[in-house]
Amino acid sequence: MTPEQVAALPTQPEQLENALLDLNGNWEAYTPTVTRKPIRALRGEKRVRALSDVAGTLLAGAPAPPEVRAAAFRMLATLPGVKVEAETTDPLGRRGVVISLPVETTIPLGLSTAPKQLGTYRRQWIINPRNGTLLAMRYVVATPPHGSRELPPGDDGKPRRLTVGGQPDRFHKPGEVSEYETYEVAEWTETAPN
């Protein structure tokens, strides 16, 4: 969307969701071919994942007015599977409330290995409870990708062979943060960043 389109988005959560459902894009967690379609064409978890992707963009990187950002937070709260969790500390040491959503994603793995080794994650937004600003987004491993199991200790006399094609890009454990972004300032400015 252009900055003008973002600025013109509805400020009510139901209307915002309806507008976002018409966005065209490649919304699949993984796919052998890139196909563009509106979010409205998706069902169930795929639709929730795509809406949360767009909401994350509106909250983290798009030039969305405060009213649209507030509507994005309220829309997120209505999505199935979203829950408010305990307070935590973001990677910069700031305290915030966690809002999370279970998702399948290729982010920690890469598209080349994803179909065989996809894991599940909790996409988490860490929110400053005093002013509602987004402090960080992170992915926490829920179900490790295929290939994350530990090798048994000792030698059983059978040959072992690890190949690149049979391994994920990295090993994960449940509860591990696999990726994060932090946000120090979210405001309008006329000044270019350093």
Side-chain angles (χ1 to χ4, degrees), residues 1 5-7 9-31 34-88 90-91 96-111 114-115 118-129 132-145 172 174-183 186:
M1 291 187 289
Q5 291 171 318
V6 171
L9 285 170
T11 58
Q12 295 301 315
E14 301 84 13
Q15 295 169 349
L16 177 63
E17 180 175 342
N18 192 50
L20 298 179
L21 288 174
D22 291 330
L23 289 177
N24 280 312
N26 180 21
W27 305 112
E28 300 291 335
Y30 59 93
T31 181
V34 174
T35 56
R36 294 182 57 81
K37 56 185 159 188
I39 295 174
R40 193 176 301 281
L42 304 173
R43 297 289 175 255
E45 290 179 11
K46 289 183 178 185
R47 181 183 277 195
V48 170
R49 181 184 186 281
L51 283 170
S52 72
D53 282 349
V54 176
T57 299
L58 289 174
L59 295 170
E67 297 81 8
V68 173
R69 292 169 53 84
F73 274 126
R74 291 194 305 272
M75 182 196 75
L76 272 175
T78 67
L79 296 177
V82 171
K83 67 179 190 174
V84 177
E85 297 182 1
E87 279 197 7
T88 191
D90 79 352
V97 174
V98 175
I99 299 172
S100 70
L101 173 71
V103 292
E104 281 187 327
T105 186
T106 61
I107 285 175
L109 296 172
L111 288 173
L118 191 68
T120 59
Y121 303 83
R122 291 203 69 80
R123 177 182 288 156
Q124 297 183 330
W125 296 269
I126 302 173
I127 311 298
N128 181 332
T133 58
L134 180 64
L135 300 175
M137 286 177 50
R138 67 184 182 185
Y139 288 84
V140 176
V141 177
T143 305
H172 298 281
E176 177 183 55
V177 175
S178 62
E179 182 175 317
Y180 70 87
E181 293 179 7
T182 59
Y183 308 96

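No hydrogens, no waters, no symmetry mates; every other heavy atom, side chains included, goes into these values. Start at 1 with the first residue, then count along the sequence. From a predicted model like this one, the values you see are computed outputs, not experimental measurements.
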Heavy atoms only: give me the nearest [X]-[Y] pair and the separation to one decimal.
| X | Y | answer |
| --- | --- | --- |
| P10 | A19 | CD-CB, 4.0 Å |
| S178 | V141 | CB-CG2, 4.2 Å |
| I99 | V82 | CG2-CG1, 3.6 Å |
| W125 | G56 | NE1-CA, 3.9 Å |
| N24 | R36 | O-NH2, 3.3 Å |

**Request:** Report the residues that fulfil side chain to side chain donor-acceptor pair (under 3.5 Å) with N18, sequence neighbours left out, ordered by chain and then residue number.
**Result:**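 Testing N18 for side chain to side chain donor-acceptor pair (under 3.5 Å), a comparison that skips the adjacent residues, returns R40.
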**Prompt:** Under the side chain to side chain donor-acceptor pair (under 3.5 Å) test, which residues partner R138, sequence neighbours left out?
**Reply:**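 For R138 the side chain to side chain donor-acceptor pair (under 3.5 Å) partners, ignoring immediate neighbours, are Q124.
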Working to the nearest 0.5 angstrom, can you tell me the gap between [X] [atom1] and [Y] [atom2]?
| X | Y | atom1 | atom2 | answer |
| --- | --- | --- | --- | --- |
| M1 | T57 | CE | OG1 | 8.0 Å |
| L79 | R49 | CG | CZ | 13.5 Å |
| L21 | L51 | CG | CG | 5.0 Å |
| Y139 | L101 | OH | CG | 9.5 Å |
| D53 | L20 | CG | CG | 11.5 Å |
| T133 | I127 | OG1 | CD1 | 7.5 Å |

**Message:** So does K37 get a backbone contact from the side chain of W27, meaning a donor-acceptor N/O pair under 3.5 Å?
**Reply:** yes
**Prompt:** Any sub-3.5 Å donor-acceptor pair from R74's side-chain atoms to T11's backbone N or O?
**Reply:**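 Here the side-chain-to-backbone pair exists.
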**Item:** CA sep, side-chain torsions, deciding dist, call: M137, L59, side-chain contact (heavy atoms from CB on, under 4.5 Å)
**Value:** CA-CA 10 Å; M137 286 177 50; L59 295 170; over 6 Å; no
**Asked** Could you go step by step and tell me if L58 and R69 meet the side-chain contact (heavy atoms from CB on, under 4.5 Å) rule?
**Response** CA-CA 6 Å; L58 289 174; R69 292 169 53 84; 5.8 Å; no
